[in-house]
Amino acid sequence: MNSAILQDGKVVSAKEYISSVHGTRLYCMDRSCNAPVIYVPGSDNVAVHYKTTGKSDSRHNEHCAFYKPLNFFETVKKVGQFQTEYEEQVMNETIIRINLNKLDPDYESRVIEREETDQKKKDPNEVKVKQESNPPSSIGSLKSIVKLLTSYEADILSTIMVSVRGNKIPISSIVVDQGKAHKLVWKDSLIEKTGYFVYGKVERILRREKVYFISMAAINGIEFSLVIFDKYFKHFTYSDAQLIGKDILAYGFLRKNTYHEKNTTEMIIKSDKFIEFL
Ligand SMILES: [Zn+2]
């Protein structure tokens with residue numbers, strides 16, 4: 001673990017920890033667990049970290065984020081929990097840029113070049129990310145966001161803020177399940193002009209002449225579909241069999257739809273690249 005909480009509830013990363021300042025009473029940051037942990041100084045092979053000792057109550061409980069490696073869904077849930085619970089605390093943020101413009105078949109290469117030049121101008125708030133053990137500083141594909149969310153523990157991931165047009169937003173607020181996506185859309189609380197990552201299980205695909213609908217299995221009666229218009233059919237090569245029954249992460253802009261007097265939520269996608277299998 002890279003983070004622990006002090007007796008007063010403050011989060012301290014192992015890198016920042018100083019025993020004379022922070023004391024030695026340290027606890028697991030997952031509040032469902034709260035197991036006492038100890039600080040482990042770094043060596044040539046291992047970075048500084050915290051761990052449970054396994055003695056008496058210094059063990060993670062089975063609901064804890066650190067009890068066992070988490071899968072994608074469990075990770076996203078825990079990161080969301082941590083980013084909400086510790087929102088007020090400065091947690092040594094890691095800023096990540098997400099630029100998925102290149103996924104878009106409409107996006108022209110000259111625009112890409114311009115953006116790349118812009119990106120070279122340093123953001124003063126950007127954390128220098130050098131060590132391999134740290135998350136990447138930018139994300140350019142769905143594969144890399146899935147890799148990010150499945151390669152690091154929930155405490156590290158919960159320090160990640162995504163840079164969206166000058167604003168920093170917690171990563172857990174744009175990687176959401178379809179229920180949360182639906183709520184954001186219908187409460188008009190979407191972050192403007194921002195694509196979202198939504199995960200779910202594909203249940204059926206309807207291919208009409210002008211539009212395809214890829215519908216996710218409804219959760220609590222909430223229907224969610226990916227929509228592709230005919231202009232982009234040539235960029236969408238998946239067969240029904242490749243998608244149906246699969247857990248996927250999709251990226252795109254969300255919008256409302258009302259169908260048979262029922263409010264549903266849709267995501268517009270344009271090609272295979274807007275979908276990643278989980
Ligand atoms: Zn724990």
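Position 1 is the first residue of the sequence, and the numbers go up from there. Every number for a ligand or one of its atoms is a count from 1 in the order of the listing.
Atom CG of Asp8 has more than 12 neighbouring heavy atoms from other residues, nucleotides or ligands inside a 6.0 Å radius. The environment of Lys256 atom NZ is dense: over 12 non-hydrogen atoms of other residues, nucleotides or ligands sit within 6.0 angstrom.
Side-chain contact annotation: Asn2 with Ser13, donor-acceptor N/O pair under 3.5 Å absent. There is a side-chain donor-acceptor pair under 3.5 Å between Gln83 and Ser172. Looking only at atom types and distance, the side chain of Ser271 has no donor-acceptor partner in the side chain of His235 under 3.5 Å away.
Ring pair Tyr238/Phe277: centre-to-centre distance below 6.0 Å.
The number of protein N, O or S atoms lying under 2.8 Å from the Zn ion (ligand 1) is 4.
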